[in-house]
Asks: 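Pasting a structure here, questions to come.
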Amino acid sequence: MTQTPTYFDEMLTGPETVRDPYAKYYDWFSNDDLKRLRRKSDEAEAFFRRIGITFNVYGQEEADERLIPFDIVPRIIAAKEWAKLEKGIEQRVRAINAFLHDIYHRQEILRAGRVPKELIANNEAYTPEMIGVSPPGDVYTHICGVDLVRTGEDDFYVLEDNVRTPSGVSYMLENRETMLQMFPELFATNKVRSVSAYPELLRRSLAACAPQNSPNEKPVVGVMTPGIHNSAYFEHAFLADEMGVELVESNDLRIEDGRVAMRTTQGYKPIDVLYRRIDDAFLDPLTFRPDSMLGVPGIMDVYRSGNITLANAPGTGIADDKALYSYMPDIVEFYTGEKAILKNVPTWRCSEPDSLAYVLDHLPELVVKEVHGSGGYGMLVGPAASKKEIAAFEDKLRAKPGNYIAQPTLALSTVPILTKAGLAPRHVDLRPFVLMSPEKIEITPGGLTRVAMKKGSLVVNSSQGGGTKDTWVLKD
Amino acid sequence: MMLGKTAGGLFWMFRYLERAENTARLLEAGWRMALTRADDDMSEWVSIITTAGMHDGYDAKFDEYTPSQVINFMLRDKDNPSCIMTSVDLARSNARLVRTALTLEVWEAVNECWMDLKKALARPVNERDLYDTLNLIRNRTAVVRGALHGTMLRNDAYAFSRLGTFLERADNTARILDVKYYVLLPSPAHIGTKIDNAQWEVILRSVSSERSYRWVNGTETSARGIVSFVMLDQRMPRSLAFCAKQVQDYLGFLAQEYGTRSDSHEQADLMIKRIESTDIDGVFKTGLHELLGVMISDATKLSGLIEKDFRFYE
């Protein structure tokens with residue numbers, strides 16, 4: 001525990017030894033004035049505040065709107081690196097979609113014994129209401145945000161698949177906008193692939209999944225938000241705006257003539273595709289949580305009769321359930337017939353007695369996560385935790401082992417951020433965004449790089465003080 | 001095509017902005033009046049608070065009228081649902097709700113307006129800084145209006161924005177006149193005399209038209225002159241006649257755009273007819289107070305009909 005682990009830095013592999021993708025950037029940086037860059041960094045914050053890229057923090061009254069810290073040093077990925085990631089992501093998403101179809105229909109994978117039956121049957125994320133339902137175009141995971149981490153030159157791991165409603169794509173787009181405005185000269189020397197087509201691709205991709213029997217001449221798409229108090233409201237409005245579609249809430253919608261319709265100034269008009277940014281549980285009070293004020297009563301009936309497309313499909317949560325995560329290599333192989341290109345992080349399932357025993361013995365070295373948790377809440381980062389925190393966590397773990405999985409503490413790669421003293425390495429992860437339609441899978445070159453702003457911290461979640469960076473994928 | 005909620009959000013966003021601006025104007029008029037008066041008479045502050053519709057709230061909180069209390073109550077008191085900060089807050093919440101219907105420039109303008117005022121009104125405002133504060137409010141709201149004018153498509157979204165502005169303005173102008181109606185009444189004592197100089201000035205200042213009044217009427221100030229200017233003059237952008245005409249025009253645009261007329265159109269026509277058939281003699285014959293009462297309720301009714309006809313709410 002006393003030795004400092006060495007981390008793979010994506011920019012500098014030694015003092016003044018710059019990795020290829022960063023060569024031009026580093027050159028530019030070294031010749032620029034640190035004071036000017038610091039000033040630019042402050043400007044970026046003012047810019048974000050003015051256009052209102054803020055998020056609301058749950059459980060903090062009066063805090064209302066906070067900014068996610070933005071760091072002006074880009075995260076740069078070489079063309080070759082990206083090509084491999086792209087292939088791996090596409091393979092994985094294709095497998096997940098096939099898995100979802102299977103698990104809600106014939107359940108071949110369970111019959112083949114590749115995934116234990118109990119894991120599905122007893123899983124809260126499994127949605128019996130979806131059994132036998134085929135979503136339009138057979139697409140379940142219209143939008144995914146696969147979380148990747150890197151530990152070495154060629155070592156990428158998938159940390160989470162995020163196939164429910166991944167957020168953060170607005171930061172990918174706005175971070176790039178900000179960089180273009182602040183440092184246009186960088187884009188003249190570095191050949192960076194554009195991300196700006198994302199909203200248009202999203203709209204087309206969603207429209208391609210519209211029900212065939214729509215009364216509308218062209219598919220009508222809407223973004224559904226829980227409302228302005230939701231932490232990601234900015235993103236919901238942003239995406240609706242960029243796609244040129246309506247942003248709707250529960251009280252704009254009702255069921256009319258067997259279709260979901262929105263209240264316009266001229267009466268109710270049917271919608272074909274809802275990109276819904278609310279959880280399954282709140283979608284339909286008649287089917288799921290009866291106390292939900294955010295959903296549309298009866299929308300699941302419309303869905304089951306094939307008259308509306310919901311993106312993503314209800315019930316996709318089963319595929320990014322942390323208990324199932326450890327089976328992903330099998331799942332990929334089962335549906336694609338190929339070995340998984342992207343690696344999984346080794347995982348101990350605490351539901352298994354042997355694993356539990358190991359985990360209990362090694363808590364100070366491990367990261368323990370709640371199976372259904374997200375956003376960095378309710379997890380233990382062993383190396384960073386105090387004895388007291390570990391002891392408290394141990395009690396929780398013993399009480400409900402099935403609720404947890406454990407993973408080794410990964411030596412996440414670092415990318416420098418700009419601090420008062422200059423460049424300083426911080427840990428990062430990467431969330432590329434994937435769009436799926438019946439015809440194709442499209443991955444926007446780039447994504448959201450989240451960065452732990454605190455020295456040594458491995459937690460990159462914005463709810464825990466993490467920041468973001470612009471992510472560059474270079475052209476060949 | 002647009003969502004009913006979005007139409008409602010735009011309507012209210014611009015109503016609240018207009019309200020903030022009018023409250024600032026009113027406050028400035030009252031403050032000036034207090035400054036130019038030699039005595040300690042607080043009655044002008046009472047009438048300012050009454051005009052702003054804040055009388056009950058103020059009395060519930062304070063026992064007496066002092067300039068600094070009134071100023072801060074109107075500017076930033078959380079217990080006052082119509083204070084300027086709250087109006088701007090609500091304008092911005094509505095703007096967030098309808099972001100997809102606003103151009104980036106309009107959104108940025110209203111967001112900056114909110115950020116700057118939040119900072120300026122974070123602490124009680126000293127009388128010394130009041131002038132600058134009021135200036136800031138007028139300036140920031142003007143930038144929003146400018147962005148709207150310069151960048152928004154002239155479609156239904158624009159029409160709902162303007163409807164909100166003019167209905168709020170009509171209501172405000174009517175209330176300013178109504179609170180002062182007694183000084184405008186031709187009583188035996190007033191016949192042939194000029195009304196209290198300070199009183200007419202406060203009316204004209206509250207509607208930012210002391211200069212334009214003079215362009216129209218010279219230095220001749222009379223009850224008739226003021227009433228016919230602030231109520232009936234088609235050229236005066238805050239007059240009841242002007243606001244009503246604008247409302248009718250934007251509703252007319254919506255009728256054309258949507259291919260259908262509804263109750264709100266009938267109500268707007270009725271309002272216009274009422275104003276057109278009124279002349280200045282009629283005003284004083286019917287009674288100014290009575291007539292303003294009818295006009296205020298006309299506008300309230302119209303606002304309700306617009307909400308219903310265009311499905312702002314479920």
Side-chain angles (χ1 to χ4, degrees), chain A residues 45-56 62 64-65 67 170 174 177 199 216-218 220-230 233-254 261-271 293 296-297, chain B residues 1-11 13 78 89-90 92-116 118-119 143 153 155-157 159-160 163 251 253-255 257-262 264 306-314:
Chain A
E45 182 172 325
F47 173 78
F48 277 114
R49 222 173 257 290
R50 202 177 67 231
I51 56 175
I53 311 184
T54 54
F55 73 111
N56 307 329
E62 275 294 310
D64 49 307
E65 291 158 30
L67 279 185
S170 57
E174 288 293 3
E177 252 345 277
N216 295 314
E217 236 169 78
K218 275 195 222 152
V220 173
V221 177
V223 176
M224 185 177 182
T225 174
I228 64 169
H229 300 295
N230 184 267
Y233 177 76
F234 163 75
E235 177 157 301
H236 308 161
F238 175 87
L239 287 173
D241 197 16
E242 293 281 315
M243 286 194 284
V245 304
E246 295 295 349
L247 178 66
V248 295
E249 280 174 55
S250 157
N251 60 17
D252 297 313
L253 301 173
R254 68 148 82 146
M262 59 181 167
R263 193 180 72 255
T264 77
T265 49
Q266 297 162 276
Y268 280 86
K269 300 270 148 75
I271 297 185
M293 305 290 284
V296 185
Chain B
M1 181 186 69
M2 69 188 299
L3 289 179
K5 173 190 69 188
T6 308
L10 288 165
F11 180 85
M13 170 186 167
K78 283 207 166 67
D89 233 349
L90 289 167
R92 191 213 179 226
S93 307
N94 276 287
R96 282 190 79 200
L97 190 71
V98 301
R99 246 189 107 144
T100 53
L102 298 172
T103 59
L104 189 60
E105 280 180 47
V106 174
W107 159 253
E108 284 190 10
V110 71
N111 196 35
E112 277 195 283
C113 170
W114 175 81
M115 286 193 294
D116 289 347
K118 217 170 147 107
K119 210 157 123 198
V143 173
L153 210 57
N155 56 3
D156 44 358
F160 287 112
L163 283 171
L251 280 170
F253 170 82
L254 288 174
E257 193 80 344
Y258 292 168
T260 167
R261 281 174 61 88
S262 45
S264 42
I306 290 174
E307 273 175 18
K308 191 173 97 343
D309 288 346
F310 298 102
R311 302 169 179 83
F312 288 3
Y313 310 108
E314 261 174 293

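Naming: A, B, ... by sequence-line order, numbering from 1 per chain.
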Asks: Tell me, for B:E314 versus chain A, whether the close heavy atoms (under 4.5 Å) come from the side chain, the backbone, both or neither.
Replies: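 Both parts, backbone and side chain.
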Asks: Pick one of side chain, backbone, both or neither for A:V223, based on which atoms fall under 4.5 Å of a heavy atom in chain B.
Replies: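 For A:V223, neither part sits under 4.5 Å from chain B.
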Asks: Once you round to the nearest 0.5 Å, how far does CZ of B:R311 lie from OH of A:Y268?
Replies: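 Taking CZ in B:R311 and OH in A:Y268, the distance rounds to 8.5 Å.
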Asks: Could you give me the CA-CA distance, side-chain angles and deciding distance for A:E249 and B:L97, then say whether side chain to side chain contact (heavy atoms under 4.5 Å, CB included) is met?
Replies: CA-CA 10 Å; A:E249 280 174 55; B:L97 190 71; 3.5 Å; yes
Asks: Taking atom CD of B:E105 as the centre, does the number of heavy atoms from other residues, nucleotides or ligands within less than 6.0 Å exceed 12?
Replies: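 Not buried by this count: 12 neighbours or fewer within 6.0 Å.
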Asks: To the nearest 0.5 Å, what is the distance between OG1 on B:T103 and CG on A:D241?
Replies: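 Atom-to-atom, B:T103:OG1 and A:D241:CG are 9.5 Å apart.
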Asks: Check side-chain hydrogen bond (donor to acceptor under 3.5 Å, both in side chains) between B:N155 and all other residues, then give those that pass, not counting sequence neighbours.
Replies: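 B:N155 satisfies side-chain hydrogen bond (donor to acceptor under 3.5 Å, both in side chains) with no residue once adjacent residues are dropped.
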Asks: Is chain B contacted by the side chain of A:D252, its backbone, both, or neither, given a heavy-atom distance below 4.5 Å?
Replies: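 Contact with chain B: side chain only.
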Asks: Between B:K5 and A:R263 (side chain of the first, backbone of the second, donor and acceptor by atom type, cut-off under 3.5 Å), is there such a pair?
Replies: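 The answer is no, because no donor-acceptor pair under 3.5 Å joins these two groups.
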Asks: Quick one: closest heavy-atom pair of B:A7 and A:T265, and the distance?
Replies: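 Looking at all heavy atoms of both residues, the shortest contact is CB-CG2, 3.5 Å.
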Asks: So B:L3 and A:M262, side chain to side chain contact (heavy atoms under 4.5 Å, CB included) or not? Walk me through it.
Replies: CA-CA 7 Å; B:L3 289 179; A:M262 59 181 167; 3.5 Å; yes
Asks: Taking all heavy atoms of B:T6 and all of A:E246, pick out the closest pair and write down the distance.
Replies: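 That would be OG1-OE1, 4.4 Å.
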Asks: Looking only at non-hydrogen atoms, find the nearest pair between B:T100 and A:A240 and report the distance.
Replies: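 Scanning both residues completely, I find the closest heavy atoms to be CG2-CB, 3.7 Å.
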Asks: To the nearest 0.5 angstrom, please state how far the CD1 atom of A:I228 sits from the CZ atom of B:R92.
Replies: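 CZ of B:R92 is found 9.0 Å from CD1 of A:I228.
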Asks: Sort B:M1 into side chain, backbone, both or neither according to what part of it lies under 4.5 angstrom from a heavy atom of chain A.
Replies: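 Both backbone and side chain.
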Asks: Under a 4.5 Å cutoff for heavy-atom pairs, which residue among B:F160, B:Y258, B:W107 has the most contacts with chain A?
Replies: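 Maximum pair count with chain A is reached by B:Y258.
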